[in-house]
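Have a look at the structure below before the remarks.
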Amino acid sequence: MTLHTSYWPPERTDEGVREAAAALAAGGVVAFPTETVYGLGGDARNADAVARIFAAKGRPSDNPLIVHLASAEEAAALASSISPLERKLMERFWPGPLTLVLPVRAGAVSERVTAGLDTVAVRVPAHELARRLIAASGCPVAAPSANRSGRPSPTRAAHVLEDLAGRIDGVLDGGPTGIGVESTVVRVLGGEIHVLRPGGATAEQLREAAGEDGVVKAEPAAAKEGEAAPEAPRSPGVKYTHYAPKGDMAIVTASDPGRLREALQQAADTERARGRRVGILACDEHAGAYRADAVLGLGPRAKPERAAQALYAALRECDERGIEFILAEGYPEDGIGAALMNRMRKASGGRVIAV
Ligand code: AMP
Ligand code: MG
């Protein structure tokens, strides 16, 4: 079935919020900007609306969705309980890029949202348009990223249209998104904050917010074959390879920037000699010196937040330009660098060339 997909440009957001909210309230699915990436929203209580989100994206149904709220007060209606530490995190991070996995209140959202789990993932986005839309719709809004499954998350309205035009009711254009990678997903158990997925809220910020009340645990390690599942909770979605570029991808890391440039150029030359179209993702300081079929600067090396903002658009551009092999410079893993490298590793299937 092909739908008419409305497009509301930045200069018509009042009308856009009104019409998109009406569509949500009527069981439709619309894409909207958040501070992380564009989301594809539907009424979390409406099983048919949620089914339309999964269908539009081609998303596996056992991968649960994050419910977006206009304010923290609304979380009490979705969760059966909220601990003091969870409350503290909400106060510190909301509105913002932190998703909390909470025990779900029976019947509060469709089971399709939680994929039948006894928990629900919740956040309040720090984007004014998103909160206006959610408030006007009167719905808790289930919203995964607004891309076809297997494509990079959209950081511009044009990316949403590329993937989903004709499959959703509309797109609210709020310009490029600020953070560029998805939210951090955490589960609080006892006094431990388990990071199920690194993202826009950094481990350093979580540690500072938790203070003496909580210990921050990095991503739980995956169970090896034949071993029991680790005790820490796992985020169901992490088992899916998110985006894989059409070609191959590898990350190049080195302790010395000079070595990094040399090793990366060498790898690029080798692949090009084999006749493959090679793309390079690099910091601005290095980008000018590389030779390849496409060289994309991700911003200054000292500003990983710029690289996080630029990554998904750069991956899409590589696909568009027929790149068959992407070589990406690794970034230091502190601050937002952890989420940036996590998404790069996912895109490359974990392929890292360390020199
Ligand atoms: P996306 O909407 O594509 O950003 O992905 C949402 C992610 O949130 C999922 O892939 C899960 O990793 C995580 N998530 C959502 N709901 C839950 C839940 N109830 N328990 C644990 N993780 C969740
Ligand atoms: Mg996604």
Side-chain angles (χ1 to χ4, degrees), residues 37 58 145 147-156 158-163 176-177 180-182 198 240-334 336-355:
V37 300
S145 50
N147 52 288
R148 289 295 289 264
S149 255
R151 297 269 291 153
S153 295
T155 52
R156 288 147 209 273
H159 298 163
V160 177
L161 289 169
E162 261 166 44
D163 281 14
T177 58
V181 292
E182 298 84 345
Y240 294 105
T241 40
H242 272 211
Y243 160 75
K246 291 186 180 136
D248 292 323
M249 173 163 165
I251 303 166
V252 185
T253 62
S255 45
D256 167 54
R259 272 297 290 139
L260 175 64
R261 277 209 303 270
E262 216 175 280
L264 197 150
Q265 186 63 59
Q266 213 168 53
D269 292 346
T270 306
E271 290 301 324
R272 291 178 92 197
R274 288 187 188 143
R276 296 222 276 178
R277 283 177 63 77
V278 172
I280 294 177
L281 309 186
C283 64
D284 290 350
E285 294 90 326
H286 294 172
Y290 283 128
R291 295 175 312 274
D293 300 288
V295 181
L296 304 176
L298 298 183
R301 181 143 194 93
K303 289 205 183 302
E305 55 278 8
R306 288 272 296 278
Q309 236 172 20
L311 177 68
Y312 288 140
L315 291 172
R316 280 179 183 261
E317 188 172 340
C318 283
D319 275 356
E320 258 162 42
R321 289 168 70 169
I323 296 302
E324 296 163 302
F325 193 80
I326 300 172
L327 286 158
E329 289 188 344
Y331 277 77
E333 299 214 30
D334 37 44
I336 193 78
L340 170 66
M341 286 296 284
N342 171 272
R343 303 309 190 269
M344 278 197 186
R345 274 195 289 269
K346 279 190 171 157
S348 66
R351 206 156 143 199
V352 177
I353 303 169
V355 293

Item to check | Residue pair L315, M249: steps toward the side chain to side chain contact (heavy atoms under 4.5 Å, CB included) verdict | outcome: CA-CA 10 Å; L315 291 172; M249 173 163 165; 3.9 Å; yes
Nearest heavy atoms of [X] and [Y], plus distance in Å:
{"X": "V37", "Y": "G180", "result": "CG1-O, 3.6 Å"}
{"X": "I323", "Y": "A294", "result": "CD1-CB, 3.9 Å"}
{"X": "P152", "Y": "N147", "result": "O-CB, 3.4 Å"}
{"X": "P300", "Y": "C283", "result": "C-CB, 4.4 Å"}
{"X": "I251", "Y": "M341", "result": "CG2-CE, 4.0 Å"}
{"X": "Y331", "Y": "L340", "result": "CG-CD2, 3.6 Å"}

Next on the checklist: Show every salt bridge (Lys or Arg N to Asp or Glu O under 4.0 Å) that has at least one partner inside residues 294-306, sequence neighbours left out.
Outcome noted: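 Checked against salt bridge (Lys or Arg N to Asp or Glu O under 4.0 Å) - neighbours excluded - the pairs reaching residues 294-306 are R301-E329.
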Next on the checklist: Considering only residues two or more places apart or on different chains, which pairs with a residue in residues 277-298 satisfy salt bridge (Lys or Arg N to Asp or Glu O under 4.0 Å)?
Outcome noted: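 Sorted result for residues 277-298: D269-R291, R272-D293.
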Going from [atom1] on [X] to [atom2] on [Y], what distance comes out if it is rounded to the nearest 0.5 angstrom?
{"X": "T253", "Y": "L260", "atom1": "OG1", "atom2": "CG", "value": "7.5 Å"}
{"X": "R351", "Y": "M344", "atom1": "CZ", "atom2": "CE", "value": "15.5 Å"}
{"X": "L281", "Y": "H286", "atom1": "CG", "atom2": "NE2", "value": "14.0 Å"}

Which residues pass the side chain to side chain contact (heavy atoms under 4.5 Å, CB included) test with [X], sequence neighbours left out?
{"X": "E320", "result": "E162"}
{"X": "A310", "result": "L298"}
{"X": "A268", "result": "Q265, V278, I280, L327"}
{"X": "E317", "result": "L296, R321"}

Next on the checklist: Evaluate E182 against S153 for side chain to side chain donor-acceptor pair (under 3.5 Å), listing each step before the verdict.
Outcome noted: CA-CA 8 Å; E182 298 84 345; S153 295; 2.5 Å; yes
Next on the checklist: Which residues pass the salt bridge (charged side-chain N to carboxylate O under 4.0 Å, His left out) test with E324, not counting sequence neighbours?
Outcome noted: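 By the salt bridge (charged side-chain N to carboxylate O under 4.0 Å, His left out) rule, E324 matches no residue at all.
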Next on the checklist: Going by the rule salt bridge (charged side-chain N to carboxylate O under 4.0 Å, His left out), which residues pair with D248 if we only count those two or more places apart in sequence or in a different chain?
Outcome noted: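 Counting only residues at least two positions away or on another chain, D248 forms a salt bridge (charged side-chain N to carboxylate O under 4.0 Å, His left out) with R276.
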Next on the checklist: Evaluate R274 against F325 for side chain to side chain contact (heavy atoms under 4.5 Å, CB included), listing each step before the verdict.
Outcome noted: CA-CA 11 Å; R274 288 187 188 143; F325 193 80; over 6 Å; no
